Asker: 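Can you read through this structure? Questions will come right after.
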Amino acid sequence: MHEEMVSIDIGSTYTKGALFIRTEEGLRFLRKSITPTTQEDLSQGFGTVYTQLTGLPHEGLSARRMDKRGTKETPRIRFSSSAKGGLRIAAVGLVPDLTLQIARLAAWSAGGKIVADSSYKLRSEQVTTILGASPDILLFTGGTDGGNEETVLWNARQLASSPFQGTILYAGNAAIRGEVLRILEGKRVVVAPNVMPRVGEIRIEETRQAIQRIFLDTIVEGKGLKQVQEFCRTEPVPTPAAVFDLVEAIGTHQKGWDRFCVIDLGGATTDVYSVGEAFWGEEGVVLKGIREPRVKRTVEGDLGIRVSAATLWDTVRPFFPFFIKCIWNDAISGGEVIQELQGSMETKSIVLSEAPTEEEIHRYVEKVTMDTSYLPDSEREKRIDRFLVLSAVTIATLRHAGVLEETYTPAGRIFLQSGKDLRPVKTIIGSGGYLSLFDLGEPLRLLFRKVSKGEHESRKKEDDASLLDLRCSTSTRIPLVPTNPVYYRDASYMFPLLGNYAKEYPKEVSKLAIEALVPESNTVLHQEVG
Amino acid sequence: MSSSGNTSKGKIVLGVIGYDCHSVGNKILEVFFNEKGFQVINLGVMVSQDEFIDAAIETAADAILVSSLYGHGLIDCQGFRDRCVERGIEDIILYVGGNLVVGKTPFSEVEEKFKRMGFDRVFPPDVDLEEVARLLEQDIHARRNGKH
Ligand code: B12
């Protein structure tokens, strides 16, 4: 057996591809290729990459492929696309901590981005907000099977009379599915089993599949994707969903990889994936709310270092003294933060005098927001980028992770856990443009250690809102971030490319994925971006 | 399709409130009411008011049966009905039972206090469960016919 396999990812900026070969021994990487994405006709960039990988011509994509059929074997192709910057989803649920939260988890796991959400009864203001966010899909949940009807039917009627044009995916109370469908007649409606058939029971796999189905039907139209699809004789997967599949495959098939995170940070969003049990049943810890899934993805649409730099900076700013103290010095000296914090006053003041002021960072943020393809052109700007990267990763991890709350009961002290416990996470893998460049192990361990001790208080009392945003309002609330993770980089950004084959060859691709990781080193690399 | 509320005698949410971890009685109640033909959503021990209410909303339950064994029931149940009202299930049937207070307060006084807080029925630990099932069926029937 000797099979060549092509994998191509059509990203918003670059179209990347890799050629693999599969033999009895497993999967091997042969070569890769990258070209700017051709926004007007995606099939052009795709064709360029295809030719570079295979040596086969690409003019007239589909025709060429047809000729080859039957005469010469063409390699198998799989491809992913992050078209339109990801799938925009509005989540509608009943109780915020139950069906709405599960709807969010389902949307994220399918590679979507939550652009609006609503719980309980939909009122006209909520409908307006949802319409304003222009979602592609409205994920409509609520009620257990045989449970709440009143609110769910009410919401169906609100949606029916709204001008919403996208697809409504109904994954609520299955007992009234027929009635909901009748009410929504005339709208584009797809159904899936209830995301919460019984209280606390999560069932999101079918909803995830349905979302991906809709993704295909809506994004494949136009911009040349149709041609690519015909040429490949296969359908695209949303890029984050490909990564999700790979993450799941690693967690299932690779020994020692039962608790890890993958973080993918880009200009616009920060994605966090985690594998591991959400709750460990520790003595003295009680789980509140739903038990989150073993494989979880969240996406933060306001945390990125270009398009979303301004919203990232809004969140970071109240914590500026904390972050600058932890991060800046590290950016200069390559992981000597701890020495600095324990060092004499003298060294401290020397080092900190080099740190940027808030205004300097603010100006940089304005600059990169104006020019989102901006690359840092000095050591100092690279460090500011790194500062933004590390703070975005910290905040995104805090939002992904759950929290422990200390409580006293007649039987003594206990902890209430909500959300997912990432403390036992052994490894963090950095993927995506920026994280695959930097060696972030040392500063992340320091940040997580300090954050889990509640040391990231904000400067002013008025900043309470952003404190809550970081999910840690007092020292008795312990964020469940990884306590001592090792850092690896997906240095050649292979995850989406391997992810495209994760459903077919989970063992092989997950093996190759972890073999290709670059471990931490003691020296800090400052490579060029791009 | 799952059995909907109408085929059973009613849907009840069950749990032990507050930081109370006495789990034995809770299991007995679950088995008992199931056998009696009720659809039981058992939340187990250490259940907060909001968790009871969340579950009741999603399942459209007819009644919430609160247990308290460890002596802090009065504090834990404070404002329960008000919270139901706030969250839109003002007409749900509320029962409470167990060792509701510390010490030797006469049961009638205990009952009085919980009823003032909005509980429909209050039960001592040695209550006859058959009797409870009968009352519950009756109350659910009345509620469904709008007479609650
Ligand atoms: C076993 C036990 C424990 C075990 C529990 C183990 C477990 N996983 O369940 C342990 C050792 C952990 C424990 C701890 C404590 N316990 Co204890 N415990 C008991 C004990 C001996 C038996 C409880 C039991 O299982 N009974 C059997 C079941 C079947 O009965 P039940 O729980 O009463 O439930 C029935 C009825 O009450 C009724 N019912 C209950 N709820 C409802 C609701 C409705 C709507 C209805 C209709 C009926 C109903 O139906 C149930 C089924 O028949 C009782 C004493 C006793 N004999 O009751 C003390 C007792 C309940 N405990 C008590 C105390 C004080 C405590 C502690 C505070 C002690 C401490 N300082 O550590 C802690 C509290 C821990 C906590 N956070 O909850 C006191 C409570 C005092 C009070 N209320 O006035 C009791 C009564 C002992 C006493 N006489 O002092 N306890």
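Owing to the predicted nature of the structure, the values given are computational and were not obtained by experimental measurement.
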Asker: Indicate the atoms forming the closest heavy-atom contact of Ala60(B) with Gly147(A), along with that distance.
Answerer: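 Closest approach of Ala60(B) to Gly147(A): CB-C, 3.6 Å.
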Asker: Tell me, for Lys121(A) versus chain B, whether the close heavy atoms (under 4.5 Å) come from the side chain, the backbone, both or neither.
Answerer: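 Neither the backbone nor the side chain of Lys121(A) comes within 4.5 Å of chain B.
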Asker: Can you say whether Ile57(B) sits under 4.5 Å from chain A via the side chain, the backbone, both, or neither, judging by heavy atoms?
Answerer: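 Contact with chain A is through both the backbone and side chain of Ile57(B).
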Asker: Please flag which part of Leu43(B) lies under 4.5 Å from any non-hydrogen atom of chain A: side chain, backbone, both or neither.
Answerer: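 Leu43(B) touches chain A through side-chain heavy atoms alone.
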Asker: Within the supplied structure, the quantity of interest is the number of heavy atoms (other residues, nucleotides, ligands) at a distance under 6.0 Å from Glu150(A) CD; does it exceed 12?
Answerer: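 No, the 6.0 Å shell around CD holds no more than 12 heavy atoms from other groups.
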Asker: Kindly compute the distance separating CE (Met46(B)) from CG (Leu416(A)), expressed to the nearest 0.5 Å.
Answerer: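 Between Met46(B) CE and Leu416(A) CG, I get 7.5 Å after rounding to 0.5 Å.
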Asker: Using residues 63-75 of chain B as the side-chain source, report each donor-acceptor pair under 3.5 Å to any protein atom, sequence neighbours left out, with the distance given to one decimal.
Answerer:
residue	atom	partner	partner atom	Å
Ser68(B)	OG	Gly73(B)	N	3.3
Tyr70(B)	OH	Tyr19(B)	N	3.1
Tyr70(B)	OH	Asp76(B)	OD2	2.7

Asker: Side chain, backbone, both or neither: which part of Thr407(A) has a non-hydrogen atom closer than 4.5 Å to chain B?
Answerer: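 When you check distances to chain B, only side chain atoms of Thr407(A) fall under 4.5 Å.
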Asker: Judged by atom type as modelled, is there a donor-acceptor pair below 3.5 Å linking the side chain of Glu58(B) to the main-chain atoms of Val95(A)?
Answerer: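 A pair under 3.5 Å: yes.
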Asker: Is it true that atom CZ of Arg198(A) has more than 12 heavy atoms of other residues, nucleotides or ligands lying nearer than 6.0 Å?
Answerer: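 Atom CZ in Arg198(A) is not crowded, with 12 or fewer foreign heavy atoms closer than 6.0 Å.
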Asker: Take atom CD in Gln209(A); do more than 12 heavy atoms of anything else shown fall under 6.0 Å from it?
Answerer: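 More than 12 within 6.0 Å, yes.
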Asker: CD1/Ile41(B) to OG1/Thr144(A) distance, rounded to the nearest 0.5 angstrom?
Answerer: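 The OG1 atom of Thr144(A) is 6.5 Å from CD1 of Ile41(B), to the nearest 0.5 Å.
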Asker: When rounded to the nearest 0.5 angstrom, what distance separates CD1 in Ile89(B) from CG in Asn148(A)?
Answerer: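 Interatomic distance, Ile89(B) CD1 to Asn148(A) CG, rounded to 0.5 Å: 10.0 Å.
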Asker: Tell me, side chain or backbone of Val13(B) under 4.5 Å from chain A's heavy atoms, or both, or neither?
Answerer: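 Val13(B) has no heavy atom closer than 4.5 Å to chain A.
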Asker: Taking atom CD as the centre, does Glu283(A) end up with more than 12 heavy-atom neighbours from other residues, nucleotides or ligands that are less than 6.0 angstrom away?
Answerer: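 For Glu283(A), atom CD is not crowded (no more than 12 foreign heavy atoms under 6.0 Å).
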